Amino acid sequence: MKPDVLEEGYFMFTMIPDDYPEAIAKLSWLKAHGYPNATEEGVLRDTVLSGTQDLFNEALEESYWTVLWDVQDKKMWVRGVQSERVGELVPRKGFETFEDDFKDDAYQFWENLGTQVRSIVGSE
């Protein structure tokens with residue numbers, strides 16, 4: 001396999017979609033490259049969790065905090081270095097799930113999470 005093909009494949013596999021069309025492109029790529037059981041729901045939930053973790057890593061310059069589901073697709077919590085609960089994150093007002101929030105307006109979705117991350121980091 002040529003290195004540029006491997007790098008492209010790795011990028012698609014690890015990519016955190018910015019918006020819904022990118023999430024669908026990632027799902028299509030996964031299904032075409034050996035992940036026939038990949039689902040839209042799975043890609044979206046991974047996007048939410050991975051993207052939020054990335055926001056914390058950037059804000060804290062490689063944090064030791066971990067973002068986890070508290071209630072699948074409805075609430076996340078942040079575990080600190082000593083396994084303490086550092087904070088919680090929720091979808092925008094008017095949305096029951098992160099998936100619906102992301103599909104509605106990815107820009108506002110990421111803005112909301114960024115605001116919540118800054119609030120949690122600032123309170124530390």
Side-chain angles (χ1 to χ4, degrees):
M1 186 181 287
K2 296 183 340 187
D4 58 324
V5 173
L6 178 61
E7 289 172 14
E8 178 183 326
Y10 181 75
F11 171 75
M12 281 301 288
F13 184 75
T14 61
M15 174 185 98
I16 299 171
D18 286 328
D19 55 28
Y20 186 65
E22 283 186 5
I24 296 306
K26 181 173 182 173
L27 175 61
S28 296
W29 184 91
L30 289 169
K31 287 185 171 279
H33 290 87
Y35 298 89
N37 297 326
T39 64
E40 179 180 313
E41 178 181 83
V43 169
L44 291 174
R45 290 183 181 175
D46 182 59
T47 295
V48 171
L49 211 54
S50 298
T52 306
Q53 182 67 59
D54 195 48
L55 290 172
F56 274 102
N57 291 349
E58 285 181 28
L60 296 168
E61 298 178 9
E62 293 302 318
S63 83
Y64 292 98
W65 293 0
T66 306
V67 179
L68 303 160
W69 288 116
D70 193 2
V71 178
Q72 184 87 350
D73 200 28
K74 295 184 180 191
K75 188 189 324 182
M76 294 179 280
W77 70 284
V78 184
R79 181 178 62 204
V81 227
Q82 298 178 346
S83 296
E84 74 278 20
R85 187 177 284 256
V86 177
E88 295 180 348
L89 301 108
V90 294
R92 286 182 294 149
K93 185 175 182 167
F95 294 93
E96 188 173 323
T97 67
F98 287 103
E99 183 178 332
D100 290 339
D101 187 357
F102 183 80
K103 284 176 164 180
D104 177 70
D105 186 335
Y107 178 79
Q108 291 297 321
F109 168 84
W110 290 118
E111 282 294 312
N112 172 56
L113 284 178
T115 298
Q116 290 183 69
V117 167
R118 286 187 298 278
S119 175
I120 293 169
V121 169
S123 67
E124 177 56 17

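Quantities reported herein were computed from a predicted structural model and do not represent experimental measurements.
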Taking the side chain as C-beta and beyond, is there a heavy-atom pair between Lys31 and Pro36 under 4.5 Å? no

Does Ser50 have any side chain to side chain contact (heavy atoms under 4.5 Å, CB included) partners at least two apart in sequence or in another chain, and if so, which? Ile16, Asp46

Identify the heavy atoms of Thr47 and Trp110 that sit nearest to each other, and give their distance. O-CH2, 3.7 Å

Please report the interatomic distance CD(Glu41) to CG(Leu27), rounded to the nearest 0.5 Å. 11.5 Å

Among all residues two or more places apart in sequence or in another chain, which pass the salt bridge (charged side-chain N to carboxylate O under 4.0 Å, His left out) test with Glu58? none

Where Gln72 and Trp69 come nearest, the two heavy atoms and their spacing: OE1-CD1, 3.3 Å

Measuring from atom CG of Leu89 to atom CZ of Phe56, what distance do you get when rounded to the nearest 0.5 angstrom? 5.0 Å

Please identify each residue that fulfils side chain to side chain contact (heavy atoms under 4.5 Å, CB included) with Lys74, with sequence neighbours left out. Val71, Glu96, Thr97

Could you check whether Glu99 pairs with Lys103 (Lys NZ or Arg NE/NH1/NH2 to Asp/Glu carboxylate O, under 4.0 Å)? yes

Any heavy-atom pair between the side chains of Val78 and Thr66 that's under 4.5 Å? no

With Thr115 via side-chain hydrogen bond (donor to acceptor under 3.5 Å, both in side chains) - residues at least two apart: Arg118

Looking only at heavy atoms, what is the nearest atom pair of Val117 and Ala59, with distance? CG1-CB, 4.3 Å

Please report the C-alpha distance between Arg45 and Phe102 in whole Å, then the side-chain angles of each, then the deciding distance to 0.1 Å, and finally whether the side-chain contact (heavy atoms from CB on, under 4.5 Å) criterion is met. CA-CA 10 Å; Arg45 290 183 181 175; Phe102 183 80; over 6 Å; no

Salt bridge (charged side-chain N to carboxylate O under 4.0 Å, His left out) filter on Arg85, not counting sequence neighbours, yields Asp70, Glu88

Return the set of residues passing salt bridge (charged side-chain N to carboxylate O under 4.0 Å, His left out) with Asp104 (not counting sequence neighbours), or none when no residue passes. Arg92

Could you please spell out the steps behind the side-chain contact (heavy atoms from CB on, under 4.5 Å) verdict for Met76 and Thr52? CA-CA 9 Å; Met76 294 179 280; Thr52 306; 3.4 Å; yes

Using the test side-chain hydrogen bond (donor to acceptor under 3.5 Å, both in side chains), find all partners of Asp18 that sit at least two apart in sequence or belong to another chain. none

Other ILVMFWY residues reachable from Trp77 by side-chain steps of under 4.5 Å: Leu68

Between Glu84 (side chain only) and Gln82 (backbone N and O only), is there a donor and an acceptor less than 3.5 Å apart? yes

Contacts of type side-chain hydrogen bond (donor to acceptor under 3.5 Å, both in side chains), residue Gln108, not counting sequence neighbours: none

Heavy atoms only: give me the nearest Ala23-Pro17 pair and the separation to one decimal. N-CB, 3.5 Å

Is the shortest side-chain heavy-atom distance between Asp73 and Leu44 below 4.5 Å? no

Are Val67 and Trp65 in one and the same hydrophobic cluster, where Ile, Leu, Val, Met, Phe, Trp and Tyr link if side-chain heavy atoms are under 4.5 Å apart? yes

Report the residues that fulfil side chain to side chain contact (heavy atoms under 4.5 Å, CB included) with Val90, sequence neighbours left out, ordered by chain and then residue number. Lys75, Gln116

Do Phe95 and Leu113 sit in one hydrophobic cluster, given that two such residues count as connected whenever their side-chain heavy atoms are within less than 4.5 Å of each other, even indirectly? no

Once side chain to side chain contact (heavy atoms under 4.5 Å, CB included) is applied, do any residues pair with Tyr64, and if so which ones, sequence neighbours excluded? Val81

Should the pair Phe109 and Phe98 be assigned to parallel (<30°), tilted (30 to 60°) or perpendicular (>60°) ring geometry? perpendicular

Report the residues that fulfil side-chain hydrogen bond (donor to acceptor under 3.5 Å, both in side chains) with Gln53, sequence neighbours left out, ordered by chain and then residue number. Asn57

